[in-house]
Protein chains: 2
Amino acid sequence: MNTRRATIADVARRAGVAPSTASVVFSGKTPSSAATRQRVLDAAAELGYTGPDPRAASLRLGRSGIVGVVFEEHLGTAFLDPVNTVMMDGLADGVSPLGAGLLLLRDDDNEGRLPTLTSAPLDAAVLVGCSGRLRDSLATVLRRGIPVVVIEGDAGDGVPQIDLDNREAQQQMARHLRSLGHERVATVTLPTDAARLRGFIAAGAEVTVGVTRDRLDGLRDVYPDAVAYAAAASSIDEGLAAGRVLLAGGAARPTAVIAQSDLLAAGVIRAAEEAGLRVPEDLSVTGFDGITVDGLAPYRLTTMAQPAADKGRAAGQAVAAMLGGEAAASFRFTCTFRAGNTTGPA
Amino acid sequence: MNTRRATIADVARRAGVAPSTASVVFSGKTPSSAATRQRVLDAAAELGYTGPDPRAASLRLGRSGIVGVVFEEHLGTAFLDPVNTVMMDGLADGVSPLGAGLLLLRDDDNEGRLPTLTSAPLDAAVLVGCSGRLRDSLATVLRRGIPVVVIEGDAGDGVPQIDLDNREAQQQMARHLRSLGHERVATVTLPTDAARLRGFIAAGAEVTVGVTRDRLDGLRDVYPDAVAYAAAASSIDEGLAAGRVLLAGGAARPTAVIAQSDLLAAGVIRAAEEAGLRVPEDLSVTGFDGITVDGLAPYRLTTMAQPAADKGRAAGQAVAAMLGGEAAASFRFTCTFRAGNTTGPA
DNA sequence: TTGTACGCGTTATCAA
DNA sequence: TTGATAACGCGTACAA
């Protein structure tokens, strides 16, 4: 029982061929005679050799087959909203032609500053929701010279970005409500900055998260004076908390609430039910994303459906292109209005 | 503009030191004089060198800092239930002493059979929910001689497993209902096999998924004749569908429903509401997991809380131990009964 | 504290 | 179709 693992050289020696020949048998890059192949395979079996060591191969090839995905929140938070997991599925699809896997990176300010991001054998990186701390990650990756794509964030420079037409989409939704005759409209937004504080957004307040800002701007294009309340995360419970605040206004309460995500909208609907308001008769509620909100039936949200899986897939393809030496272009996806049963006349 | 990336040798040459010295400066494994360090760092900055290439380092060290996590479902499905994301967070914690990241692997039967699992530079692997197709993954990993830990699955052999006392826990919950006087009890189970078909589970039917089987057995220890209905996934909507079927029975309908997950329980509660039944006055409902079900308030599920994060952390620690050359033992966690407001007297 | 020499395991290139 | 050779970029004994 040898303690050392067999290498391709051992296999080659045992099979009586050159190491390069054995390598060719495993990679299949060059034709080899059936007899040779069999001899090599037999030798490998006898030695318990299961194929080239990926570490050595990746050094030689300059490719590890690993794409890093960096979120700026904890995994638990990031995956709370299905829109992110759907995007991840698309991303997994997008990179699969590369035979690549996805390495989950937490953007904590752990002890070592971004330890894995600097030390992981990445072929490329995808940053999700670039704002705040993620800018450090971006700098790190750019310095390493690794191809990087940013989803839903402003990366500046020549970094390909995969975006949505957030402002136009929210504008469209606001016009829908206007056409229904709504005058008093409030909105529940996604977090406005890294602090993720819950509360009303003052008129001139700065919103550093791009998605949140753009959707808010879209709403204000139509309703300049809409009241805005920021949630601390995208979840039903956060929507519920925000909804309670917004619907407590008595006579001045809004007749419609525009939520910046479907989960938030679901929470607002719960708040309405609590307050004895019927949706959509007494209150119209709109979402954003177009995901399936687990447990929301029989409501079907009126929402702006975003192509989340396509977004991920596009990011994957952009990564693949860059690794192929081509320049990848930024791409902006369009959301589509989807009527449900949660909006009605004022 | 040189096309080739700078290596540590280039940096050393420019700094006028030996490569090994430069290496030491970056790794910090051996003390070096401040002057030398500064010269090396300056040279690195001038050359745009950002530190050792992880690919080369991992070959040299025999470590890649990557732990593979293999699910048997699509990412979107796996992450639908928070219990899994919580577990992932724990796992991320558990492997962080290794400075390792988590590589997400889909266990699809894609064209290439498990391409990434065989070709990724993994230090270790964690299989989640070992049953059906995952057995192939297990064989693959074992053949590669990579340390592997199985969460919630039967791996046989000497593979460390991280489990729950599913049977005892469900038994305990069943006794809780019995002590409340319930006679007609039904259960909504997690998927029973790889096919994930929805429907009643016949008396002698085989249940191949261990978790599902064990919890069902625990229930039958107390209520041998309980009606069982299998859901196709762990979600509120699946629980709702199952609840509709189980509560349609008229006079023979159960007075209590034991769900095998909190999400399923939430769905059953919705079904009860639909049917005009009050929880817990007309129907008691119990869950399993002890997660926070987004949007379920004001209900607080009576449930068996499982230490999901600890499970992940333990798996991470087992992996770390095995990489340290120690043998890792299997571990079985215990669930704890948590009273909520969803159960009451029959 | 620094330098020399070597090997980690593989694969591309080129010649035979 | 096969074989010899030379990197890939780094870390670490060991000697100085």
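Each chain gets a letter, A, B and so on, in the order its sequence line appears, and its residues count up from 1. Please read all numbers here as calculations on a predicted model, not as lab measurements.
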Close residues, residues 37-45 of chain A, relative to DNA chain D [heavy-atom separation under 4.0 Å]: none
[X]: which residues meet the salt bridge (charged side-chain N to carboxylate O under 4.0 Å, His left out) condition with it, sequence neighbours left out?
| X | answer |
| --- | --- |
| B/Arg332 | B/Glu168 |
| A/Asp93 | A/Arg313, B/Arg106 |
| A/Arg143 | none |

Pairs flagged by side-chain hydrogen bond (donor to acceptor under 3.5 Å, both in side chains) wherever residues 78-88 of chain B is involved - sequence neighbours left out: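 side-chain hydrogen bond (donor to acceptor under 3.5 Å, both in side chains) check on residues 78-88 of chain B returns B/Asp81-B/Ser234.
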Reported CG-to-CG distance for the pair A/Leu122 and A/Leu105, which is rounded to 0.5 angstrom: 6.5 Å
Whole angstrom value for the distance that separates [atom2] of [N] from [atom1] of [X]:
| X | N | atom1 | atom2 | result |
| --- | --- | --- | --- | --- |
| B/Asp10 | D/dC8 | CG | P | 10 Å |
| B/Leu59 | C/dC8 | CG | C1' | 4 Å |
| B/Arg63 | C/dG9 | CZ | P | 14 Å |

Side-chain donor-acceptor pairs under 3.5 Å in residues 55-67 of chain A, sequence neighbours left out?
{"from": "A/Arg55", "atom 1": "NH1", "to": "B/Asp123", "atom 2": "OD1", "distance (Å)": "3.1"}
{"from": "A/Ser58", "atom 1": "OG", "to": "A/Pro54", "atom 2": "O", "distance (Å)": "3.3"}
{"from": "A/Ser58", "atom 1": "OG", "to": "A/Arg55", "atom 2": "O", "distance (Å)": "3.0"}
{"from": "A/Arg63", "atom 1": "NH2", "to": "A/Leu323", "atom 2": "O", "distance (Å)": "2.8"}
{"from": "A/Ser64", "atom 1": "OG", "to": "A/Ile66", "atom 2": "N", "distance (Å)": "3.3"}
{"from": "A/Ser64", "atom 1": "OG", "to": "A/Pro121", "atom 2": "O", "distance (Å)": "2.4"}
{"from": "A/Ser64", "atom 1": "OG", "to": "A/Asp123", "atom 2": "OD1", "distance (Å)": "3.2"}

Sequence-distant partners of [X], side chain to side chain donor-acceptor pair (under 3.5 Å), two or more places apart:
| X | value |
| --- | --- |
| B/Asp42 | B/Gln38 |
| B/Ser33 | B/Thr36 |
| B/Arg39 | none |

Salt bridge (charged side-chain N to carboxylate O under 4.0 Å, His left out) contacts in which one or both residues fall within residues 17-36 of chain A, not counting sequence neighbours: none
Nucleotides 10-16 of chain C: protein proximity per nucleotide (B base, S sugar-phosphate only, - neither; heavy atom, under 4.0 Å): BBB----
Axial bend angle, the helix from C/dT1-D/dA16 to C/dA16-D/dT1: five-pair end segments, nearest 10°: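 Computed angle between terminal axes is 30°.
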